[in-house]
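First listed ligand is number 1; within each ligand, the first listed atom is number 1. Any value given below was found using the heavy atoms of this structure, including those in side chains, with hydrogens, waters and symmetry copies removed.
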Amino acid sequence: MRPIFARIDRAAFRSNYLLAKARAPQARAWCVVKANAYGHGLLRCAEAVRDVADGFALLDISEALQLRQAQFAQPILLLEGFFDAEGLQQAAEYDLSVVLHSAPQLRLLETEALPRSVDVFLKINTGMNRLGFRPEEVPALIARLRTCSAVRSITAMTHFACADGAGIDAQWARFEQALAGSDLPRSAANSAALLRFPHSHADWVRPGIVLYGASPMPQLESAVQLGLKPVMSLESELIAIQYLQAGDQLGYGASFVATEPTCVGIVACGYGDGYPRHAGTGTPILVDGILTRTLGRVSMDMLACDLSSIPAAQIGSRVVLWGDGLPADEVATAAGTISYELFCALAPRVPVRD
Ligand SMILES: *Cc1c(COP(=O)(O)O)cnc(C)c1O
């Protein structure tokens with residue numbers, strides 16, 4: 001077997017969820033497991049928090065049904081709501097909470113005959129300008145939802161654009177203003193807001209990336225500083241070693257040229273496995289637990305690394321691309337992206353181990 005695999009640490013996932021809850025002790029916490037739990041495996045992660053999770057948030061009805069079929073009885077929130085009448089019917093049948101963000105969704109809610117009423121998360125657009133109703137529409141919407149027999153409960157919800165950077169002040173003010181005089185429960189905080197802005201915790205927080213052990217704001221606070229544990233380790237091995245002389249080139253496009261004798265390790269991992277092709281020379285990588293750097297372009301199935309400082313390395317030496325001992329945030333930063341994208345991009349061809 002090709003020696004690449006992703007190791008998933010369920011105990012780390014559980015520990016991160018409990019840490020998130022401890023940082024927002026007054027709130028319930030949606031365990032955000034969209035996109036197959038950010039590439040980590042939906043059921044694997046959900047099982048790790050079965051007895052402690054307040055609820056699960058995701059996008060696809062099919063993922064919600066997997067959780068229901070696996071006997072998860074917690075609330076499940078569909079973060080984009082339903083897309084058609086059939087989706088709404090299924091949401092009601094399987095007792096899924098729905099985000100309500102558009103007029104067509106509202107019409108369906110008012111016209112479909114449902115087997116039971118649903119919990120609605122009314123999405124208010126406070127400045128992200130992706131989904132949601134305008135703040136000034138909110139009082140009339142709440143009145144309308146209160147008379148709608150398909151609605152069991154209403155929670156007001158918004159999503160922050162800059163919780164990891166400039167902050168949430170303007171959006172929070174618009175949220176509060178839209179809800180002035182209303183005692184509806186609220187949900188606003190993603191991972192970054194949960195960690196940085198306790199006043200936004202409200203009734204339900206929505207941590208995602210922290211559950212997977214990465215920092216939502218690596219420039220401000222690292223995952224290690226936050227006490228988070230990496231959940232996914234992408235691991236492989238050296239499958240060849242090359243000895244370059246000064247002037248020798250390496251890989252496609254010859255983007256790396258040795259300026260001195262250089263020992264190079266070839267790793268069985270490439271962009272076909274989900275490793276970012278944009279990670280240029282210098283991206284951190286661990287060989288036999290020792291930090292070194294990648295060299296040259298990432299190919300589909302292989303990449304190269306510098307073994308100059310690791311003379312004991314040999315074919316079969318263990319390589320960690322990210323995870324155990326090498327924060328995904330550091331690889332992501334070197335590749336000009338974020339940990340979220342690394343995790344979600346893990347290719348189906350990479351076997352997963354526990
Ligand atoms: C993905 C998502 C989250 C979680 O965001 P993180 O930055 O991963 O914590 C929270 N709320 C909504 C609406 C989302 O789509």
Keeping R196 on the side-chain end and A163 on the backbone end, is there a donor-acceptor pair under 3.5 Å? yes

Judging by distance only, is a nitrogen or oxygen of V32 under 3.5 angstrom from one on ligand 1? no

If you measure from the Lys or Arg side-chain nitrogens to the Asp or Glu carboxylate oxygens, is any gap between D324 and R318 under 4.0 Å? yes

Which ligand 1 atoms, with their elements, are less than 4.0 angstrom from a heavy-atom of Y38? 1 (C), 4 (C), 5 (O), 6 (P), 8 (O)

Pairing residues for R28 by the side chain to side chain donor-acceptor pair (under 3.5 Å) criterion, not counting sequence neighbours: none

Short N/O distance, under 3.5 Å, between G208 and ligand 1? yes

R353 NZ/CZ over F5 ring centroid, <6.0 Å and within 45° of normal: yes

Contacts of E47 meeting side chain to side chain donor-acceptor pair (under 3.5 Å) (sequence neighbours excluded), chain-then-number -> R50

Would you say ligand 1 has an N or O under 3.5 Å from any N or O of K34? yes

Protein contact to atom 12 (C) of ligand 1 [nearest heavy atom, distance to 0.1 Å]: H159 CE1, 3.4 Å

Between A57, P207, S191, A214, flag the one that comes closest to atom 9 (O) of ligand 1 by a heavy atom. S191

With respect to atom 11 (N) of ligand 1, which of E80, R206, M217 exhibits the smallest heavy-atom separation? R206

